[in-house]
Amino acid sequence: MQHDLQFADGVLARIHARGGKQFDERAYLFVLAGIEYLQSRLDVRRHVSGAELAWACRDLALERFGLLARTVLDCWGVQSTADIGQVVFALVEIELLSTEPGDKVEHFVAVYDFESAFDDGYEVKATSALSS
């Protein structure tokens, strides 16, 4: 399945104009995809917390990119759950997303450790041909 989405003309320029230059365009698109990924798994569409979205982004990254998930996100400038929050709030600033009272970028800080979340579940196993 191809995932080469792009923002409509001007959207990325609006993000950059508000100081959102640290992340690749694909990071913003990925977070939007993460929201949709999470919503598709809920019984009813609703507002989601920062932690819920951070975990959904992890799951989507692993589903899409497997062992390369952390590397792909890193290439886009996303190295922590706090970065996911920065992307979300940049999208809020240009009114692509909205918040509820009490929502804060800090809700994304230290939801999980990227190294542990992306790397700890994988184990490299030697095959008999390689171990002889």
Side-chain angles (χ1 to χ4, degrees):
M1 180 189 293
Q2 189 71 331
H3 296 286
D4 292 335
L5 300 175
Q6 294 182 14
F7 279 120
D9 290 340
V11 173
L12 193 58
R14 288 176 33 216
I15 292 169
H16 288 173
R18 296 197 183 229
K21 294 183 182 180
Q22 79 184 83
F23 303 107
D24 186 281
E25 175 182 14
R26 291 168 291 188
Y28 298 97
L29 293 167
F30 179 77
V31 168
L32 290 170
I35 293 168
E36 198 51 42
Y37 177 86
L38 175 55
Q39 291 290 348
S40 72
R41 281 151 180 73
L42 298 173
D43 292 334
V44 61
R45 292 185 74 86
R46 62 171 173 80
H47 182 77
V48 298
S49 72
E52 287 175 310
L53 179 55
W55 283 108
C57 286
R58 174 204 174 261
D59 294 345
L60 179 60
L62 288 171
E63 186 176 297
R64 283 192 181 175
F65 310 118
L67 291 171
L68 294 175
R70 189 163 62 106
T71 301
V72 170
L73 293 174
D74 184 56
C75 287
W76 296 343
V78 179
Q79 301 172 340
S80 68
T81 58
D83 289 337
I84 295 170
Q86 293 294 321
V87 169
V88 166
F89 277 82
L91 294 170
V92 168
E93 284 186 35
I94 64 161
E95 300 178 347
L96 278 182
L97 294 177
S98 62
T99 59
E100 288 190 350
D103 286 342
K104 297 179 183 171
V105 71
E106 292 83 12
H107 294 161
F108 288 88
V109 174
V111 174
Y112 54 81
D113 173 71
F114 260 43
E115 184 175 340
S116 298
F118 288 108
D119 300 344
D120 285 356
Y122 290 102
E123 183 179 318
V124 177
K125 296 179 183 180
T127 63
S128 59
L130 294 176
S131 59
S132 358

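All heavy atoms count here, side chains included; hydrogens, waters and symmetry mates do not.
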Check: Under the side-chain contact (heavy atoms from CB on, under 4.5 Å) test, which residues partner A110, sequence neighbours left out?
Finding: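 A110 satisfies side-chain contact (heavy atoms from CB on, under 4.5 Å) with no other residue.
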Next item on the list: Mind checking side-chain contact (heavy atoms from CB on, under 4.5 Å) for E100 and listing every partner two or more places apart, or none if nothing turns up?
Entry: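 Partners of E100 by the side-chain contact (heavy atoms from CB on, under 4.5 Å) criterion, ordered by chain and then number, come out as H47, D103.
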Margin query: By the side-chain hydrogen bond (donor to acceptor under 3.5 Å, both in side chains) test, which pairs, at least two apart or in different chains, include something from residues 29-39?
Written below: E36-R45, Y37-E63
Margin query: Per the side-chain hydrogen bond (donor to acceptor under 3.5 Å, both in side chains) rule, what does the pair list look like for residues 72-91, sequence neighbours excluded?
Written below: D74-Q79
Check: Looking only at heavy atoms, what is the nearest atom pair of G34 and C57, with distance?
Finding: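 Closest heavy-atom pair between G34 and C57: CA-SG, 4.3 Å.
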Margin query: Test of understanding: clusters of I, L, V, M, F, W, Y form through side-chain heavy atoms closer than 4.5 Å, transitively. Do I94 and V105 belong to the same one?
Written below: yes
Next item on the list: Indicate if V87 and V109 have the same hydrophobic cluster label, given that clusters are the connected sets of ILVMFWY residues with side-chain heavy-atom separations under 4.5 angstrom.
Entry: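 Different clusters.
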What is the distance from atom [atom1] of [X] to atom [atom2] of [Y], rounded to the nearest 0.5 Å?
X: I35; Y: L91; atom1: CD1; atom2: CG; value: 7.0 Å
X: T71; Y: F65; atom1: OG1; atom2: CZ; value: 11.0 Å
X: R58; Y: I84; atom1: CZ; atom2: CD1; value: 11.0 Å
X: L32; Y: L97; atom1: CG; atom2: CG; value: 5.5 Å

Margin query: Within the structure provided, determine whether V78 and F30 are in side-chain contact (heavy-atom separation under 4.5 Å).
Written below: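 V78 does not reach F30 side chain to side chain.
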Check: Does anything in residues 79-111 pair up under ring pair (Phe, Tyr, Trp, His ring centres under 6.0 Å), and if so which pairs, sequence neighbours excluded?
Finding: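 Sorted pair list comes back empty.
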Next item on the list: Name all residues meeting the salt bridge (charged side-chain N to carboxylate O under 4.0 Å, His left out) criterion together with E93; count only those two or more places apart in sequence or in a different chain, and write none if there are none.
Entry: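 Applying salt bridge (charged side-chain N to carboxylate O under 4.0 Å, His left out) to E93 gives none.
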Next item on the list: Verify side-chain contact (heavy atoms from CB on, under 4.5 Å) between V88 and T99, making sure each step is shown before the conclusion.
Entry: CA-CA 10 Å; V88 166; T99 59; 5.9 Å; no
Notebook entry, point to check: Under the ring pair (Phe, Tyr, Trp, His ring centres under 6.0 Å) test, which residues partner W55, sequence neighbours left out?
Noted result: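 In terms of ring pair (Phe, Tyr, Trp, His ring centres under 6.0 Å), with neighbours along the sequence ignored, W55 is linked to Y112.
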Next item on the list: Go through the structure and list residues passing side chain to side chain donor-acceptor pair (under 3.5 Å) with R70, not counting sequence neighbours.
Entry: D119
Notebook entry, point to check: What pairs with S49 under side chain to side chain donor-acceptor pair (under 3.5 Å), at least two apart in sequence or on another chain?
Noted result: E52
